There are 2 protein chains.
Amino acid sequence: MTEYEKFKQLIDKGSSLYIPQLSLDCVIFGFHQNQLKVLLLKMRTRHDWALPGGFIHQDETLEVAAARVLKERTGLDNIFLRQFHTFSALERSNPQQAMKDFAMEDLRIDQHHWLAQRFISVGFYALVDFTRVTPQLDELSEICTWYDLDSIPPLMLDHRQILDKALETLRVQLNYQPIGMSLMPELFTMPELQKLYETILGTPLDRRNFQRKILGYHILRRREERRTGVAHKAPYLYSFDIKRYQEALQEGLHKW
Amino acid sequence: MTEYEKFKQLIDKGSSLYIPQLSLDCVIFGFHQNQLKVLLLKMRTRHDWALPGGFIHQDETLEVAAARVLKERTGLDNIFLRQFHTFSALERSNPQQAMKDFAMEDLRIDQHHWLAQRFISVGFYALVDFTRVTPQLDELSEICTWYDLDSIPPLMLDHRQILDKALETLRVQLNYQPIGMSLMPELFTMPELQKLYETILGTPLDRRNFQRKILGYHILRRREERRTGVAHKAPYLYSFDIKRYQEALQEGLHKW
DNA sequence: TCAAAAGTGTTGAGAGTACACCCATGA
DNA sequence: TCATGGGTGTACTCTCAACACTTTTGA
């Protein structure tokens, strides 16, 4: 199916395929080169950027729909994904704008079209392994790429607020849930993991205290190997202990 | 407007007044005689009970809609109200059942009617002063009353899960937010407030540690008076320091 | 006068924080 | 050999939990 056909289907059939006036937006976090990043889309018809989002099929739960959106954008399955808030401000929809945004070649929508209605949107955030993602475009977007958290471009509608709320939620969750596994590569060093935490929290942490704390959760396994090629003492490599990690996801973090 | 007319309007006009396939449910907590209570409705057409819920007007935010539902059921304005989760399981809707539930006198709905669709529901929880509430019926319900948390009757659809999730959220929030003000009367004693916390958490707390902790937040003001008429040392009366309380709501609880 | 429940204080364990010392590595 | 950054240990502080003693009240 061509992009045009896909788009035409969205315009024509959307109102019967999807739950009307309800959408979802995903804040997809990745981590690379000591930077926390967010996956953003640039729509063909707009100058500002957007969070990857989508609509909910009549026979899908929100969680399934979010996983589908994620899969479409990143190619990844089985991702850490959490609903965090539902956004319903009246100003968050802009029918006039929508009529422009969803115009393509000979296709036009009017104010009665389903896409020109007010939308309420359920926000999800996801944590993904940056190195395994190949950002993919959809029929409306011309660019799909990562942005550093400290240089986010102007976002459409209330997407900036959604992003901020996601980050706030993530920061709180950090205290209760193990979160590194989906963001880090298979093997990593303690300083690398620390950088992740520091970036999320936006504050520096004490190296030694961080190590003690994380190890106290017993969700890591230290490997024999060390990372070589660095101009100083070679740090140990760690991997997550998947079993323990899953337990901690269920029961929350606590000392042993 | 009679109940019948209200009902007829819901059936006939609902699809243009409200956002389709989206509803909200409120878990309304009250506290009385050392018991945490939840406000429940019994629909005329069903044997099980329901959380007070409603639909969202096209020009309302979720929060405004929830406040409206709350006002309709309790008569109260300006209530502590928090969105906590959006429920979208496929099994949570039951069109067959809906067709029966929304039948009244000569009115009938079929499977294409807006009320017989799948619904996604946004859950809110509210904390209200039990003594100020006069539960009010709507056009579909025959009873509206409080139930003790430990003797909740069978609830319709997934309302039991919604209630459980609300309670779980409330328990977590207890650590971050001051919550007594909306649940307690104007004046109360420390042991009374402690009972509230114990009931929410479902576990006994140490009297002395509790007092120290709560006072440490500086959100209470001790009055000169004591509660008299008790067969033991008369406890002090307290009230909330509204200014401090509001600050704590904004910034979270922390020691001074 | 006595049981019941409130007011107040102390102590110890554990978590979190701050900081010091030594070690390994490539330049 | 030296700057850089990692590995490990210790001491101090603060919070929280456990617990004891005294005071007030109506029965």
Side-chain angles (χ1 to χ4, degrees), chain A residues 33-34 171-172 174-178 180 184 187-239 248 251-256, chain B residues 33-34 171-172 174-176 178 180 184 187-239 248 252-256:
Chain A
Q33 292 178 338
N34 288 343
R171 283 180 179 161
V172 173
L174 212 53
N175 296 313
Y176 301 101
Q177 292 216 321
M184 302 295 288
L187 291 176
F188 52 90
T189 66
M190 194 59 75
E192 284 163 3
L193 185 62
Q194 183 180 339
K195 276 290 174 197
L196 169 63
Y197 273 73
E198 289 179 335
T199 319
I200 294 178
L201 294 174
T203 173
L205 300 171
D206 184 277
R207 190 168 61 86
R208 298 149 283 196
N209 296 334
F210 177 78
Q211 172 145 190
R212 199 187 356 258
K213 182 163 179 161
I214 295 289
L215 289 180
Y217 297 140
H218 291 91
I219 54 171
L220 293 185
R221 281 152 47 115
R222 189 163 91 174
R223 302 305 186 93
E224 287 309 312
E225 317 105 84
R226 291 159 178 263
R227 169 138 305 166
T228 56
V230 282
H232 49 77
K233 183 165 180 176
Y236 284 106
L237 287 172
Y238 290 85
S239 63
E251 303 159 28
L253 289 173
H254 39 237
K255 288 281 168 20
W256 286 64
Chain B
Q33 292 180 335
N34 288 344
R171 283 180 179 162
V172 173
L174 212 53
N175 297 312
Y176 300 100
M184 301 295 288
L187 292 176
F188 52 90
T189 67
M190 194 57 77
E192 283 162 3
L193 184 63
Q194 183 179 338
K195 277 289 173 196
L196 169 64
Y197 274 71
E198 289 180 334
T199 319
I200 294 177
L201 294 174
T203 173
L205 300 171
D206 183 278
R207 191 167 60 86
R208 297 149 284 191
N209 295 335
F210 177 79
Q211 173 145 193
R212 194 182 6 254
K213 182 164 179 162
I214 295 289
L215 289 179
Y217 296 140
H218 292 91
I219 54 171
L220 294 186
R221 280 152 48 114
R222 189 164 91 173
R223 304 303 187 94
E224 287 309 311
E225 317 107 82
R226 291 160 176 260
R227 170 137 307 165
T228 55
V230 281
H232 51 77
K233 184 166 179 175
Y236 283 107
L237 287 173
Y238 289 86
S239 63
L253 290 173
H254 38 236
K255 289 283 169 19
W256 286 63

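We name chains A, B, ... by the order of the sequence lines, and we start the count at 1 in each one. Please read all numbers here as calculations on a predicted model, not as lab measurements. Atoms considered below: every heavy atom in the structure, side chains included; atoms not considered: hydrogens, waters and symmetry mates.
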For this session: Keeping the roles fixed (side chain from B:Arg171, backbone from B:Ile200), state whether a donor-acceptor pair exists under 3.5 Å.
Result: yes
Problem set entry | Whole-Å gap separating C1' (D:dA17) and NZ (B:Lys213) | 11 Å
Problem set entry | Sidechain-backbone polar pair: A:Gln194 side chain, A:Leu205 backbone, donor-acceptor under 3.5 Å | yes
Exercise. Roughly how many Å is it from CG in A:Leu215 to C1' in C:dA15, rounded to a whole number?
Worked result: 16 Å
For this session: Find the distance between OH (A:Tyr238) and CE (A:Met184) and round it off to the nearest 0.5 Å.
Result: 12.5 Å
For this session: Decide yes or no on side chain to side chain contact (heavy atoms under 4.5 Å, CB included) for A:Met190 and A:Tyr236, but give the supporting numbers first.
Result: CA-CA 7 Å; A:Met190 194 59 75; A:Tyr236 284 106; over 6 Å; no
Exercise. Considering only heavy atoms, which members of residues 193-207 of chain A lie under 4.0 Å from some atom of DNA chain D?
Worked result: A:Arg207
Exercise. If you round to the nearest 0.5 Å, how far is CG of A:Asn175 from CG of A:Leu253?
Worked result: 8.5 Å
Exercise. Hey, what do you get for OG1 (B:Thr228) to CG (B:Leu237), rounding to the nearest 0.5 Å?
Worked result: 8.5 Å
Exercise. Where is the tightest heavy-atom contact between B:Thr189 and B:Pro235, given as atom of each residue plus distance?
Worked result: CG2-CG, 3.7 Å
For this session: Working to the nearest 0.5 Å, report the span between CD1 of A:Ile219 and CZ of A:Arg221.
Result: 13.0 Å
Problem set entry | Near-strand residues of residues 220-234 of chain A, defined as heavy-atom separation under 4.0 angstrom from DNA chain C | A:Val230, A:Ala231, A:His232, A:Lys233, A:Ala234
Exercise. Is any side-chain nitrogen or oxygen of B:Gln211 closer than 4.0 Å to OP1 or OP2 of C:dA6?
Worked result: no
Exercise. What is the distance from CZ of A:Arg212 to C1' of D:dA11, rounded to the nearest Å?
Worked result: 11 Å
For this session: Specify the residue among B:Thr189 and A:Arg208 whose closest nucleotide of DNA chain C lies further upstream toward the 5′ end.
Result: B:Thr189
